[in-house]
Amino acid sequence: MNTVRAAALGVAVTVAVMVAVLATGRSGPDRMTAHLVGQPAPPVAGTTIDGDRWDLDDQRGRWVVVNFFSTTCVPCVREHPELVAFADAHRAVDDVRVVSVAFDDRASAVEAFFRERGGDWPVLAATTGRIAVDWGVVAVPESYLVAPSGYVAAKVAGGVERADLESLLSRAGADR
Amino acid sequence: MNDPVRLPVIRLAWLAVALAVAASLAIAVVADPPALTNADRVRQLAEDFACPVCAGQSLAESDVPVARTIRATISILVDDGVGDDEVRSLLVSRFGTDIDYNPSGSGLTGVVWVLPVVIGGVAVGLLALAVRRWQGTRTDIRTRSVLVGTAGLAVLAGLALAGAAGSRRGDDALSGDIRASTRTLLVEASVVPPAEAIEIYDRVLELQPSNVEALAYRGWAAWRGGDPGSARTDLHDAVTLDPSYPDARVFRASRRLAEGDAAGASEDLTVLDGLDAPPIVGDLVVASRLRERVADELARSGEVVAALELLDSGLIVLEGSDPRRAAAPLLAHRGWLLATTGDRALAELSLLSLDEAIALAPTDPYALAYRAVTLHLLDRREAGSRDADAFTALIDQPPELLELLVSRGLLTSTGG
């Protein structure tokens, strides 16, 4: 009888622990989206749609907004004017750079997108799959703020607004 | 019953069976797996990981952009000579352990492997103990309750583990939700009422924010469900995203017409004419007489030339179509617009289109009724009456045509 009780108690405790772990653990998307913040930024390098070579490593000492987008994504279309306004506001001071990385898109469509909607920052459109995987991109638009030290300071999912980016920069202590 | 000679033989037989099973399992584990090609490895790796944003689908099964991107990256890595373990580590480090269908046996994830064995062992032990006790002495009610409770807990534990292993999202069924591919959802949405369909399209758009089909059809469902604001936004977004998606053009044209924007509707239909739309879309436009209704609105607002151009645009698309009679309704309407300008020369000209329409489709009610009225207008009453009589012999007599013929004195009553 004591053996039965002890075994039953053991199973009950095990189940209780398991339920606690499963119920209180962070859900998948949360865990996925937060993992890069505070970590060294993964590589972003390649040839831009203008034919120039671009490498995130060359931007050390500046803040960089790394924006993952697609021309066929509604939130990306909606956020684009905000990015244009943000880039325009920082062009004179040159304290922040923006780079866009096309996600699962055609280079010709990306070129047309920027031609029609503006934005003169570097855009990587060819063979960007590995970059997206390195950054753990799951659903565009996703944008990351990379500090001058090369560490990821913040992430914005679902479309950026200029005011939010400015606020992130202020909170992160950007010297502007 | 318990023959002392047969008992050792039976035990030996059981032992032999157990040894055979154990040996087979050992060989299966130790034996070298067959050599895999790179394509096999890519497929296997894709099957071993869940799509990060889908419910119950592996990377191999899903067609959302992130799954396509990860599959392509796996393929590049494998072709570059990167080992399977390295690829697995990369994916887990980037997308989390949740996507790994075969988590490692170390750390907290090791619990997933160990717990079922422990729980199963305890449950079997308890059952054995219970059987022995029931065979020996009477078991009291408390012992039985503990045993039943233990078995229940074991079942719950199993279900929780199945849920954790098979489901990618907190709100999914315990065993995972393999229905939820976007294609399945879109098919499902097409057969339910608008409100339900909108919820399904919402789910598709969560998985694929750029799914233009879901956007267009959600807009159409919103329109049918009496929410013009949402319909306007969704259909606009769908056309912006993919200006060459025919369904979105047709839906937006229909909405624009209903909201009094005949010029906008005409623009969408003209663009549609330049697309390689599937026949079902053309059939939808014909069956709903959308083009003719838009042309009517244009003509009513004084844009007769624009109305004729819209009809001509549709006729050009139908050139060479089989059967050619599909052009008859547009020809009939073209003739009717010319006949109703009030210009006798144009009315004469309209007979060319009306005659051609009737030559292509002798029983087209619109062609017959419009020609009857036109001939009447041109004082060829006898010929007009013949067309009116032919109309009354038709089974399909659209009410608006009956009213037209009665109002012009070609029929005496709406009953013919």
Task: Contact origin within A/V137 toward chain B - heavy atom pairs under 4.5 Å - done: backbone
Task: Contact class of A/T71 relative to chain B, heavy atoms under 4.5 angstrom - done: backbone
Task: Heavy atoms from other residues, nucleotides or ligands near CZ of A/R91 exceed 12 (cutoff 6.0 Å) - done: yes
TODO: Say whether, by atom type as modelled, one donor and one acceptor occur between the side chain of B/R94 and the main chain of A/D134 under 3.5 angstrom.
DONE: yes
TODO: Search all heavy atoms of B/P65 against all heavy atoms of A/F103 and return the closest pair with its distance.
DONE: CB-CE2, 3.7 Å
TODO: For residues B/V66 and A/V138, report the shortest heavy-atom separation together with the two atoms involved.
DONE: CB-O, 3.4 Å
Chain A heavy atoms under 4.5 Å from [X]: which part of the residue, side chain, backbone, both or neither?
| X | result |
| --- | --- |
| B/I70 | both |
| B/S75 | neither |
| B/L205 | neither |

Roughly how far, to the nearest 0.5 Å, is [atom2] of [Y] from [atom1] of [X]?
| X | Y | atom1 | atom2 | result |
| --- | --- | --- | --- | --- |
| A/R130 | B/L90 | CZ | CG | 5.0 Å |
| B/D237 | A/C73 | CG | SG | 11.0 Å |
| A/D105 | B/T69 | CG | OG1 | 10.0 Å |

Task: A/T72 vs B/V212, side-chain contact (heavy atoms from CB on, under 4.5 Å): CA-CA, chis, key distance, verdict - done: CA-CA 8 Å; A/T72 58; B/V212 71; over 6 Å; no
